[in-house]
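A quick write-up on the structure given underneath.
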Amino acid sequence: MPKRKRAGAQPRPDGTLQGSSAPRTHPARDSRDPASTLRVQYRRWMLRRIAGWAVAAIGVVMIVVHVAIHLANVQVMSGQDLLIGYPMGAVLIIVGVVVVSRR
């Protein structure tokens with residue numbers, strides 16, 4: 001039984017490589033001007049900041065709601081509410097601030 005050739009890069013008649021290990025170029029990525037690359041990076045950075053502040057705001061709202069419920073003396077849940085609500089709000093605030101502060 002003859003041995004099969006490995007499916008690697010096969011040279012074409014013009015000297016370029018063809019196959020799975022041939023280097024791939026992305027003309028759309030390579031032809032971008034630096035200004036459009038900066039715009040893409042700025043858009044990602046701004047979306048990350050918006051998402052981070054939104055998560056932090058949700059944490060603040062959660063803590064404020066828990067304070068209001070406990071001041072109004074409403075019994076929604078017993079001690080579980082203290083163990084779940086405040087720490088979860090604090091975790092959301094911390095995660096939001098960490099996301100905002102990343103570069």
Taking it one step at a time, do His70 and Tyr86 satisfy side chain to side chain contact (heavy atoms under 4.5 Å, CB included)? CA-CA 11 Å; His70 287 289; Tyr86 293 113; 3.3 Å; yes
Could you list the donor-acceptor pairs under 3.5 angstrom formed by side chains in residues 57-69, with sequence neighbours left out?
| residue | atom | partner | partner atom | Å |
| --- | --- | --- | --- | --- |
| His66 | ND1 | Met62 | O | 2.7 |
| His66 | NE2 | Asp81 | OD1 | 2.9 |

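- Linking Ile, Leu, Val, Met, Phe, Trp and Tyr whenever their side-chain heavy atoms come within less than 4.5 Å puts Ile50 and Tyr42 in one cluster.
- Note that CZ of Arg102 and CH2 of Trp45 are 14.0 Å apart. Values are rounded to the nearest 0.5 Å.
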